[in-house]
Amino acid sequence: MKQKKAYKYRFYPSDEQKRILAQTFGCCRYVYNWALRERTDAYYQQGERLSYEGTAQRLVTLKKQEETIWLNEVSSVALQQSLRHLDKAFRNFFEGRADYPTFKKKRHQQSATYASNAFTWDGHTLMLAKMDAPLSIVWHRPLPGGYQPGSVTISKDEAERYFVSLLLEEDIKPLEVTPKMVGLDLGLKSMVITSDGQTYGNPKFFAKEEKKLAAAQRRHAKKKKGSKNRAKARLKVARIHKKIADRRRDYQQQLSTRIIRENQVVCVESLQVKNMVRNHCLAKAISDVGWSEFVRQLEYKAAWYGRHLVKIDKWYPSSKRCFDCGHILDSLTLDVRSWACPECGVVHDRDINAAKNILAVGLTVAACGEAVRPGAVKAKPGMPQRNRKASQ
Ligand SMILES: [Zn+2]
(Lines give C-alpha, C1' and ligand atoms only; values in the text may rest on other atoms or scores of the structure.)
Protein backbone atom coordinates (compact mmCIF):
# COMPACT_ATOMS: atom_id res chain seq x y z
CA MET A 1 0.00 0.00 0.00
CA LYS A 2 1.32 3.47 -0.92
CA GLN A 3 1.57 5.83 2.04
CA LYS A 4 2.79 9.41 2.20
CA LYS A 5 5.73 9.86 4.50
CA ALA A 6 7.76 13.03 5.10
CA TYR A 7 11.49 13.05 5.83
CA LYS A 8 12.81 16.19 7.47
CA TYR A 9 16.45 17.30 7.55
CA ARG A 10 18.35 20.35 8.62
CA PHE A 11 20.29 22.26 5.98
CA TYR A 12 22.69 25.17 5.91
CA PRO A 13 21.95 27.67 3.13
CA SER A 14 24.57 29.92 1.55
CA ASP A 15 24.11 33.68 1.89
CA GLU A 16 22.67 33.80 -1.61
CA GLN A 17 20.26 30.95 -0.81
CA LYS A 18 19.24 32.70 2.41
CA ARG A 19 18.43 35.79 0.38
CA ILE A 20 16.35 33.86 -2.16
CA LEU A 21 14.55 31.96 0.58
CA ALA A 22 13.80 35.13 2.57
CA GLN A 23 12.26 36.61 -0.57
CA THR A 24 10.30 33.42 -1.30
CA PHE A 25 9.00 33.15 2.28
CA GLY A 26 7.95 36.80 2.14
CA CYS A 27 6.09 36.38 -1.16
CA CYS A 28 4.40 33.14 -0.02
CA ARG A 29 3.28 34.82 3.18
CA TYR A 30 2.02 37.81 1.21
CA VAL A 31 0.04 35.62 -1.19
CA TYR A 32 -1.40 33.51 1.62
CA ASN A 33 -2.57 36.59 3.55
CA TRP A 34 -3.85 38.29 0.40
CA ALA A 35 -5.87 35.19 -0.59
CA LEU A 36 -7.24 34.82 2.95
CA ARG A 37 -8.54 38.38 2.72
CA GLU A 38 -9.93 37.78 -0.81
CA ARG A 39 -11.80 34.68 0.30
CA THR A 40 -13.13 36.32 3.45
CA ASP A 41 -14.22 39.48 1.59
CA ALA A 42 -15.83 37.44 -1.19
CA TYR A 43 -17.90 35.68 1.39
CA TYR A 44 -18.92 38.77 3.35
CA GLN A 45 -19.48 41.07 0.40
CA GLN A 46 -20.93 38.72 -2.22
CA GLY A 47 -21.86 35.69 -0.17
CA GLU A 48 -19.57 33.78 -2.49
CA ARG A 49 -17.31 30.84 -1.65
CA LEU A 50 -14.06 31.49 -3.46
CA SER A 51 -12.33 28.22 -4.38
CA TYR A 52 -8.66 27.38 -4.85
CA GLU A 53 -9.12 27.81 -8.61
CA GLY A 54 -10.79 31.17 -8.02
CA THR A 55 -7.85 32.47 -6.01
CA ALA A 56 -5.36 31.02 -8.52
CA GLN A 57 -7.04 33.01 -11.32
CA ARG A 58 -6.93 36.18 -9.25
CA LEU A 59 -3.25 35.55 -8.49
CA VAL A 60 -2.47 35.71 -12.21
CA THR A 61 -4.02 39.20 -12.29
CA LEU A 62 -2.25 40.21 -9.08
CA LYS A 63 1.14 39.30 -10.53
CA LYS A 64 0.50 41.58 -13.52
CA GLN A 65 -0.17 44.63 -11.37
CA GLU A 66 2.58 47.19 -11.05
CA GLU A 67 2.56 47.39 -7.24
CA THR A 68 2.92 43.62 -6.81
CA ILE A 69 5.17 42.92 -9.81
CA TRP A 70 7.90 41.70 -7.41
CA LEU A 71 5.92 38.51 -6.89
CA ASN A 72 7.35 37.37 -10.24
CA GLU A 73 10.85 37.22 -8.80
CA VAL A 74 10.22 34.00 -6.85
CA SER A 75 9.10 30.52 -7.89
CA SER A 76 5.50 30.71 -9.12
CA VAL A 77 4.98 27.12 -7.99
CA ALA A 78 5.73 28.07 -4.38
CA LEU A 79 3.11 30.83 -4.58
CA GLN A 80 0.49 28.43 -5.93
CA GLN A 81 1.33 26.04 -3.10
CA SER A 82 0.53 28.82 -0.61
CA LEU A 83 -2.95 28.97 -2.12
CA ARG A 84 -3.22 25.19 -1.71
CA HIS A 85 -2.18 25.44 1.94
CA LEU A 86 -4.83 28.09 2.49
CA ASP A 87 -7.39 25.92 0.73
CA LYS A 88 -6.54 23.07 3.05
CA ALA A 89 -6.84 25.37 6.07
CA PHE A 90 -10.34 26.33 4.88
CA ARG A 91 -11.31 22.70 4.34
CA ASN A 92 -10.16 21.89 7.87
CA PHE A 93 -12.25 24.79 9.11
CA PHE A 94 -15.39 23.82 7.17
CA GLU A 95 -15.10 20.22 8.29
CA GLY A 96 -14.78 21.22 11.92
CA ARG A 97 -11.17 20.21 12.46
CA ALA A 98 -9.68 23.68 12.89
CA ASP A 99 -10.41 27.32 13.63
CA TYR A 100 -10.85 29.91 10.91
CA PRO A 101 -7.51 30.51 9.11
CA THR A 102 -5.44 33.41 10.41
CA PHE A 103 -2.87 35.70 8.83
CA LYS A 104 0.72 34.49 8.76
CA LYS A 105 3.21 36.65 10.61
CA LYS A 106 6.80 37.44 9.80
CA ARG A 107 7.96 36.61 13.32
CA HIS A 108 6.63 33.05 13.20
CA GLN A 109 7.93 30.01 11.38
CA GLN A 110 8.28 30.62 7.64
CA SER A 111 7.78 28.04 4.96
CA ALA A 112 7.49 27.49 1.23
CA THR A 113 6.49 24.36 -0.64
CA TYR A 114 7.89 23.37 -4.01
CA ALA A 115 5.87 20.95 -6.12
CA SER A 116 7.70 18.44 -8.33
CA ASN A 117 8.04 20.87 -11.24
CA ALA A 118 10.00 23.34 -9.07
CA PHE A 119 12.93 21.21 -7.95
CA THR A 120 15.23 18.50 -9.23
CA TRP A 121 16.31 15.45 -7.27
CA ASP A 122 18.86 13.00 -8.64
CA GLY A 123 18.91 10.68 -5.64
CA HIS A 124 21.68 12.68 -3.93
CA THR A 125 21.29 16.39 -4.47
CA LEU A 126 18.32 18.70 -4.27
CA MET A 127 18.15 21.79 -6.41
CA LEU A 128 15.33 24.31 -5.99
CA ALA A 129 13.87 26.60 -8.66
CA LYS A 130 15.65 29.96 -8.98
CA MET A 131 18.77 28.62 -7.25
CA ASP A 132 22.05 27.79 -8.91
CA ALA A 133 23.52 25.50 -6.24
CA PRO A 134 22.08 22.44 -4.45
CA LEU A 135 21.07 22.64 -0.77
CA SER A 136 23.66 21.56 1.75
CA ILE A 137 21.61 18.99 3.66
CA VAL A 138 22.63 17.08 6.81
CA TRP A 139 21.40 13.52 6.18
CA HIS A 140 21.12 12.40 9.79
CA ARG A 141 19.11 9.38 8.62
CA PRO A 142 19.04 7.89 5.14
CA LEU A 143 16.29 8.79 2.71
CA PRO A 144 14.79 5.57 1.29
CA GLY A 145 16.20 5.11 -2.19
CA GLY A 146 14.31 4.70 -5.42
CA TYR A 147 11.65 7.33 -4.78
CA GLN A 148 11.06 10.70 -6.36
CA PRO A 149 9.77 13.23 -3.80
CA GLY A 150 6.27 14.49 -4.62
CA SER A 151 6.99 17.84 -3.02
CA VAL A 152 9.62 19.58 -0.94
CA THR A 153 8.91 22.03 1.87
CA ILE A 154 11.51 24.48 3.11
CA SER A 155 11.05 26.05 6.52
CA LYS A 156 12.86 28.40 8.83
CA ASP A 157 11.89 28.29 12.49
CA GLU A 158 11.91 31.02 15.14
CA ALA A 159 15.38 29.94 16.19
CA GLU A 160 16.53 30.71 12.62
CA ARG A 161 17.24 27.11 11.69
CA TYR A 162 16.51 25.88 8.18
CA PHE A 163 14.83 22.56 7.41
CA VAL A 164 13.86 20.70 4.29
CA SER A 165 11.07 18.14 4.32
CA LEU A 166 10.79 15.68 1.43
CA LEU A 167 7.44 14.01 0.87
CA LEU A 168 7.67 10.46 -0.48
CA GLU A 169 4.95 8.06 -1.48
CA GLU A 170 6.34 4.88 -0.07
CA ASP A 171 5.36 1.25 -0.07
CA ILE A 172 4.85 0.46 3.59
CA LYS A 173 4.16 -3.14 4.51
CA PRO A 174 1.46 -3.63 7.17
CA LEU A 175 2.75 -5.25 10.35
CA GLU A 176 1.80 -8.79 11.27
CA VAL A 177 -1.57 -8.96 13.03
CA THR A 178 -1.34 -9.25 16.82
CA PRO A 179 -4.14 -10.07 19.28
CA LYS A 180 -3.09 -7.26 21.64
CA MET A 181 -5.41 -4.33 22.31
CA VAL A 182 -4.85 -1.33 24.53
CA GLY A 183 -6.64 1.70 25.95
CA LEU A 184 -4.66 4.89 26.58
CA ASP A 185 -5.37 7.62 29.07
CA LEU A 186 -3.66 10.96 29.30
CA GLY A 187 -2.31 11.51 32.78
CA LEU A 188 -0.88 14.50 34.54
CA LYS A 189 1.90 12.72 36.37
CA SER A 190 2.68 10.60 33.32
CA MET A 191 1.95 11.44 29.75
CA VAL A 192 0.33 8.14 28.85
CA ILE A 193 -1.14 5.39 31.02
CA THR A 194 -2.14 2.13 29.36
CA SER A 195 -4.95 -0.21 30.32
CA ASP A 196 -2.37 -2.86 31.18
CA GLY A 197 -0.84 -0.56 33.76
CA GLN A 198 2.19 0.84 31.95
CA THR A 199 3.09 4.49 32.35
CA TYR A 200 5.16 6.53 29.94
CA GLY A 201 6.72 9.96 29.86
CA ASN A 202 6.87 12.25 32.82
CA PRO A 203 6.33 15.93 32.02
CA LYS A 204 8.90 16.73 34.72
CA PHE A 205 11.36 15.42 32.20
CA PHE A 206 11.52 18.99 30.97
CA ALA A 207 11.70 20.74 34.32
CA LYS A 208 15.38 21.61 33.93
CA GLU A 209 14.94 23.10 30.47
CA GLU A 210 11.89 24.98 31.65
CA LYS A 211 13.93 26.65 34.40
CA LYS A 212 16.47 27.69 31.79
CA LEU A 213 13.66 28.96 29.62
CA ALA A 214 12.17 31.05 32.43
CA ALA A 215 15.58 32.61 33.13
CA ALA A 216 16.11 33.43 29.45
CA GLN A 217 12.64 34.97 29.29
CA ARG A 218 13.39 37.17 32.29
CA ARG A 219 16.64 38.35 30.68
CA HIS A 220 14.77 39.10 27.47
CA ALA A 221 12.12 41.13 29.28
CA LYS A 222 14.77 43.31 30.93
CA LYS A 223 16.44 44.37 27.66
CA LYS A 224 15.53 47.69 26.10
CA LYS A 225 12.84 47.43 23.44
CA GLY A 226 14.16 47.61 19.90
CA SER A 227 17.78 47.09 21.00
CA LYS A 228 20.18 44.59 19.45
CA ASN A 229 20.62 42.87 22.79
CA ARG A 230 16.90 42.34 23.01
CA ALA A 231 16.88 40.68 19.60
CA LYS A 232 19.71 38.41 20.72
CA ALA A 233 17.91 37.54 23.93
CA ARG A 234 14.77 36.74 21.96
CA LEU A 235 16.69 34.34 19.73
CA LYS A 236 18.04 32.64 22.83
CA VAL A 237 14.51 32.16 24.19
CA ALA A 238 13.40 30.78 20.81
CA ARG A 239 16.32 28.30 20.77
CA ILE A 240 15.44 26.87 24.19
CA HIS A 241 11.78 26.64 23.19
CA LYS A 242 12.74 24.69 20.08
CA LYS A 243 15.05 22.40 21.99
CA ILE A 244 12.25 21.45 24.39
CA ALA A 245 9.81 20.99 21.50
CA ASP A 246 12.29 18.79 19.60
CA ARG A 247 12.90 16.53 22.58
CA ARG A 248 9.20 16.20 23.24
CA ARG A 249 8.48 15.35 19.62
CA ASP A 250 11.25 12.75 19.52
CA TYR A 251 9.85 11.15 22.63
CA GLN A 252 6.30 11.15 21.26
CA GLN A 253 7.48 9.66 17.97
CA GLN A 254 9.22 6.79 19.72
CA LEU A 255 6.27 6.13 21.98
CA SER A 256 3.61 6.27 19.25
CA THR A 257 5.67 3.90 17.08
CA ARG A 258 6.06 1.49 19.96
CA ILE A 259 2.36 1.47 20.87
CA ILE A 260 1.29 0.97 17.26
CA ARG A 261 3.84 -1.82 16.77
CA GLU A 262 2.74 -3.69 19.87
CA ASN A 263 -1.05 -3.43 19.52
CA GLN A 264 -3.64 -4.23 16.88
CA VAL A 265 -6.29 -1.94 18.36
CA VAL A 266 -5.53 1.28 20.21
CA CYS A 267 -8.36 3.21 21.91
CA VAL A 268 -8.01 6.85 22.95
CA GLU A 269 -10.20 9.73 24.01
CA SER A 270 -10.29 12.68 21.65
CA LEU A 271 -9.11 16.10 22.73
CA GLN A 272 -12.64 17.51 22.81
CA VAL A 273 -13.32 15.05 25.58
CA LYS A 274 -10.05 15.88 27.27
CA ASN A 275 -10.94 19.57 27.21
CA MET A 276 -13.86 18.87 29.51
CA VAL A 277 -11.57 18.09 32.38
CA ARG A 278 -9.37 21.08 31.72
CA ASN A 279 -9.14 23.80 34.32
CA HIS A 280 -6.78 26.69 34.88
CA CYS A 281 -3.92 25.09 36.75
CA LEU A 282 -4.04 21.98 34.62
CA ALA A 283 -4.09 23.77 31.29
CA LYS A 284 -0.32 24.01 31.19
CA ALA A 285 0.30 20.40 32.15
CA ILE A 286 -2.15 19.20 29.53
CA SER A 287 -0.89 21.40 26.71
CA ASP A 288 2.65 20.40 27.69
CA VAL A 289 2.16 16.77 27.03
CA GLY A 290 0.71 17.55 23.60
CA TRP A 291 -2.07 15.00 23.51
CA SER A 292 -3.46 16.07 20.14
CA GLU A 293 -0.07 15.74 18.44
CA PHE A 294 0.36 12.33 20.01
CA VAL A 295 -3.06 11.14 18.80
CA ARG A 296 -2.29 12.50 15.33
CA GLN A 297 0.88 10.38 15.24
CA LEU A 298 -0.99 7.30 16.37
CA GLU A 299 -3.55 7.93 13.65
CA TYR A 300 -1.19 8.09 10.70
CA LYS A 301 1.02 5.29 11.98
CA ALA A 302 -2.04 3.08 12.40
CA ALA A 303 -2.86 3.76 8.75
CA TRP A 304 0.70 2.95 7.67
CA TYR A 305 0.95 -0.34 9.50
CA GLY A 306 -2.59 -1.73 9.21
CA ARG A 307 -3.55 -1.08 12.84
CA HIS A 308 -6.84 0.24 14.16
CA LEU A 309 -7.08 3.47 16.15
CA VAL A 310 -10.44 4.04 17.85
CA LYS A 311 -11.05 7.63 18.90
CA ILE A 312 -13.80 8.11 21.45
CA ASP A 313 -15.35 11.44 20.62
CA LYS A 314 -18.19 11.55 23.07
CA TRP A 315 -18.02 12.16 26.74
CA TYR A 316 -17.96 8.98 28.71
CA PRO A 317 -17.17 8.68 32.44
CA SER A 318 -13.86 6.88 32.02
CA SER A 319 -12.38 8.08 35.30
CA LYS A 320 -15.46 7.89 37.49
CA ARG A 321 -16.64 4.47 36.38
CA CYS A 322 -15.53 1.35 38.20
CA PHE A 323 -14.14 -0.95 35.53
CA ASP A 324 -14.94 -4.05 37.55
CA CYS A 325 -18.62 -3.55 38.42
CA GLY A 326 -19.70 -0.54 36.33
CA HIS A 327 -20.60 1.64 39.32
CA ILE A 328 -20.30 5.36 38.55
CA LEU A 329 -19.11 7.76 41.24
CA ASP A 330 -20.94 11.06 41.70
CA SER A 331 -17.68 12.94 41.64
CA LEU A 332 -13.96 12.33 41.62
CA THR A 333 -11.73 15.32 42.15
CA LEU A 334 -8.48 15.57 40.25
CA ASP A 335 -6.25 15.20 43.30
CA VAL A 336 -7.58 11.70 44.02
CA ARG A 337 -5.00 9.30 42.58
CA SER A 338 -6.64 6.08 43.73
CA TRP A 339 -10.04 5.15 45.04
CA ALA A 340 -12.01 2.18 46.38
CA CYS A 341 -15.29 1.34 44.67
CA PRO A 342 -18.16 1.69 47.21
CA GLU A 343 -20.08 -1.00 45.32
CA CYS A 344 -17.58 -3.84 44.84
CA GLY A 345 -14.65 -2.69 46.98
CA VAL A 346 -11.97 -2.93 44.29
CA VAL A 347 -9.24 -0.32 44.74
CA HIS A 348 -8.40 1.50 41.52
CA ASP A 349 -5.46 3.50 40.35
CA ARG A 350 -7.29 6.46 38.86
CA ASP A 351 -5.50 6.50 35.50
CA ILE A 352 -5.24 2.76 34.89
CA ASN A 353 -8.96 2.36 35.64
CA ALA A 354 -9.69 5.15 33.15
CA ALA A 355 -7.49 3.52 30.49
CA LYS A 356 -9.30 0.19 30.99
CA ASN A 357 -12.66 1.90 30.52
CA ILE A 358 -11.39 3.64 27.39
CA LEU A 359 -10.37 0.29 25.96
CA ALA A 360 -13.76 -1.23 26.81
CA VAL A 361 -15.80 1.57 25.25
CA GLY A 362 -13.43 1.73 22.27
CA LEU A 363 -13.95 -1.95 21.54
CA THR A 364 -17.72 -1.52 21.81
CA VAL A 365 -17.59 1.37 19.38
CA ALA A 366 -15.41 -0.59 16.97
CA ALA A 367 -17.61 -3.70 17.20
CA CYS A 368 -20.80 -1.72 16.56
CA GLY A 369 -19.20 -0.35 13.42
CA GLU A 370 -19.97 3.20 14.46
CA ALA A 371 -18.37 5.96 12.45
CA VAL A 372 -15.80 7.46 14.76
CA ARG A 373 -16.70 11.10 14.33
CA PRO A 374 -17.86 13.80 16.76
CA GLY A 375 -21.41 13.02 17.78
CA ALA A 376 -21.46 9.68 16.01
CA VAL A 377 -20.46 7.47 18.89
CA LYS A 378 -23.45 5.86 20.51
CA ALA A 379 -21.73 3.81 23.18
CA LYS A 380 -23.44 4.19 26.53
CA PRO A 381 -21.85 4.11 29.96
CA GLY A 382 -21.85 0.61 31.33
CA MET A 383 -22.58 -1.02 28.00
CA PRO A 384 -19.44 -3.19 27.74
CA GLN A 385 -20.04 -4.35 31.30
CA ARG A 386 -23.61 -5.50 30.64
CA ASN A 387 -22.48 -7.32 27.54
CA ARG A 388 -19.81 -9.09 29.48
CA LYS A 389 -22.14 -10.14 32.26
CA ALA A 390 -24.66 -11.49 29.76
CA SER A 391 -22.01 -13.71 28.23
CA GLN A 392 -20.81 -15.12 31.53
ZN1 LIG B 1 -16.90 -1.50 41.54
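Counting starts at 1 for both ligands and their atoms, following the listed order.
- Relative to the ring axis of Tyr52, Arg84 places its NZ or CZ within 45° and under 6.0 Å from the centre.
- Excluding waters, the set of protein N/O/S atoms under 2.8 Å from the Zn ion (ligand 1) reads Cys322 SG, Cys325 SG, Cys341 SG, Cys344 SG.
- Every residue two or more places apart in sequence or in another chain was checked for a salt bridge (charged side-chain N to carboxylate O under 4.0 Å, His left out) with Glu160, and none qualifies.
- Remark: Glu299 pairs with Lys311 by the salt bridge (charged side-chain N to carboxylate O under 4.0 Å, His left out) rule, at least two apart or across chains.
- A salt bridge is absent between Glu158 and Arg107; no separation between the charged side-chain nitrogens and carboxylate oxygens falls under 4.0 Å.
- Every residue two or more places apart in sequence or in another chain was checked for a ring pair (Phe, Tyr, Trp, His ring centres under 6.0 Å) with His85, and none qualifies.
- A salt bridge does not link Lys356 to Asp351: none of the charged side-chain nitrogens sits closer than 4.0 Å to a carboxylate oxygen.
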